2 protein chains.
Amino acid sequence: MDNIDFRLKEKSYRCYFELTLDLIGGKWKPIILYYLGFHGTLRYAELRRCLSKITERMLTKQLRELEMDKMVNRKIYPQIPPKVEYSLTEKGKSLIPLLNQLKDWGEGYFNDNIELFDHKTLELEE
Amino acid sequence: MDNIDFRLKEKSYRCYFELTLDLIGGKWKPIILYYLGFHGTLRYAELRRCLSKITERMLTKQLRELEMDKMVNRKIYPQIPPKVEYSLTEKGKSLIPLLNQLKDWGEGYFNDNIELFDHKTLELEE
DNA sequence: CGGAATCCGTAATGATACTG
DNA sequence: CAGTATCATTACGGATTCCG
């Protein structure tokens with residue numbers, strides 16, 4: 001049982017960048033936000049397929065935190081079998097341009113150092 | 001003894017964003033890069049003070065990886081007591097505008113939700 | 001289908017010495 | 001000062017079971 005209260009209350013940061021990292025940093029949150037931004041709306045199992053290496057436990061945990069922080073919406077369809085859709089909130093969407101810039105930066109890094117990478121480094125699907 | 005070879009060789013990513021995360025993601029690299037960008041050049045102990053909660057082991061490990069990935073320069077002064085200065089490479093510097101945008105985003109999040117934060121959340125030093 | 005709960009093993013990280 | 005080495009702790013992954 002995590003705190004229902006605001007997650008970040010009583011935390012302390014030395015600069016706004018540290019706050020940003022607490023909100024959207026870590027191993028999984030950036031890529032979850034990126035794929036949600038890229039696809040718009042995804043069901044739980046679709047999201048899981050996007051992040052092929054994540055475990056269900058971690059995906060659920062990260063989604064709950066992102067939900068608490070008002071970064072993602074969780075829409076439950078009360079039916080059997082259940083259906084749950086995840087999407088970005090407005091706050092979450094405001095992050096998309098920055099995430100895309102980071103993706104472009106990675107592409108630039110790749111092109112600038114292409115001789116160092118294996119030719120199978122990228123299996124792009126976009 | 002880590003591999004002297006290129007760290008990212010033989011890895012595989014589904015999109016450039018995943019490559020970006022492998023280069024500069026994780027718990028410590030973003031904030032290390034941010035503070036190096038903010039201050040320009042920092043000695044090992046100065047950097048450690050910036051990231052008050054990092055252990056020496058983690059700081060060293062992250063710096064070595066960033067160095068391998070050509071994100072950070074490590075300049076050793078052969079003297080006693082030793083002196084080592086860290087700074088961003090050109091590739092690293094190209095990231096600064098994006099990191100600053102992320103900082104601004106965090107500031108926006110804070111201002112939009114200021115009633116949810118404790119008044120002691122930020123102890124800004126900038 | 002979308003989880004939650006559990007048990008267990010391993011990998012990542014932390015705390016605390018200690019050193020050239 | 002700038003790290004290493006060692007050991008302890010925690011986080012995380014994997015598999016399984018269960019449920020509305």
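From a predicted model like this one, the values you see are computed outputs, not experimental measurements. Atom set for the values below is all heavy atoms of this structure, side chains included, hydrogens, waters and symmetry mates excluded. The chains referred to below are lettered A, B, ... by the order of the sequence lines, with proteins before strands, and numbering in each begins at 1.
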Look at the side chain of [X] and decide which nucleotide, out of [options], has an atom nearest to it.
X: B:Arg64; options: D:dG20, D:dG3, C:dG2; answer: D:dG3
X: A:Pro81; options: D:dA2, C:dC1, D:dG3; answer: C:dC1
X: B:Tyr86; options: C:dC1, D:dG3, D:dA2; answer: D:dG3

Terminal axes of the helix from C:dC1-D:dG20 to C:dG20-D:dC1 (five pairs each): angle between them, nearest 10 degrees: 50°
Within this structure, what is the [atom1]-to-[atom2] distance between [X] and [N], rounded to whole angstrom?
X: A:Gln79; N: D:dG20; atom1: CD; atom2: C1'; answer: 13 Å
X: B:Arg48; N: D:dT4; atom1: CZ; atom2: C1'; answer: 13 Å
X: B:Tyr77; N: D:dG3; atom1: OH; atom2: C1'; answer: 18 Å
X: B:Lys75; N: D:dA2; atom1: NZ; atom2: C1'; answer: 17 Å
X: B:Leu59; N: D:dG3; atom1: CG; atom2: P; answer: 8 Å
X: A:Ile80; N: D:dC18; atom1: CD1; atom2: P; answer: 19 Å
X: A:Arg74; N: C:dA4; atom1: CZ; atom2: C1'; answer: 11 Å
X: A:Leu51; N: D:dG13; atom1: CG; atom2: P; answer: 12 Å

Closer than 3.5 angstrom, by distance alone: can the side chain of A:Thr41 be matched with the main-chain N or O of A:Ser87 as a donor-acceptor pair? no
Phosphate OP1/OP2 of D:dA2: any B:Arg43 side-chain N/O under 4.0 Å: yes
Under 4.0 Å between a side-chain N or O of A:Thr60 and OP1 or OP2 of C:dA4? yes
Rounded to the nearest 0.5 angstrom, the CG-CG distance for A:Asp69 and A:Leu8 is 5.0 Å
Check A:Glu18 with B:Lys103, please: is the shortest side-chain N to carboxylate O separation under 4.0 Å? no
Contacts of A:Glu56 that satisfy salt bridge (charged side-chain N to carboxylate O under 4.0 Å, His left out) - sequence neighbours left out: A:Arg48
List in chain and number order the residues that pass salt bridge (charged side-chain N to carboxylate O under 4.0 Å, His left out) with B:Lys27, two or more places apart in sequence or in another chain; answer none if no residue qualifies. none
My understanding is that only residues two or more places apart in sequence, or in another chain, count here; which of them pass ring-ring contact (aromatic ring centres under 6.0 Å, His included) with B:Trp28? none
According to the ring pair (Phe, Tyr, Trp, His ring centres under 6.0 Å) rule, which pairs have a member within residues 74-109 of chain A, sequence neighbours left out? A:Trp105-A:Tyr109
With no hydrogens and no angle check, just 3.5 Å: does a side-chain donor-acceptor pair link A:Tyr13 and A:Asp22? yes
Taking the ring of B:Phe17 and the ring of A:Phe38, is the distance between their centroids below 6.0 Å? no
N/O-N/O pairs, protein side and nucleotides 11-16 of chain C side, under 3.5 Å:
unit_1 : atom_1 : unit_2  : atom_2 : d
C:dT13 : OP2    : B:Lys61 : NZ     : 3.3
C:dG14 : OP1    : B:Lys27 : NZ     : 3.3
C:dG14 : N7     : B:Arg57 : NE     : 3.4
C:dG14 : N7     : B:Arg57 : NH2    : 3.2

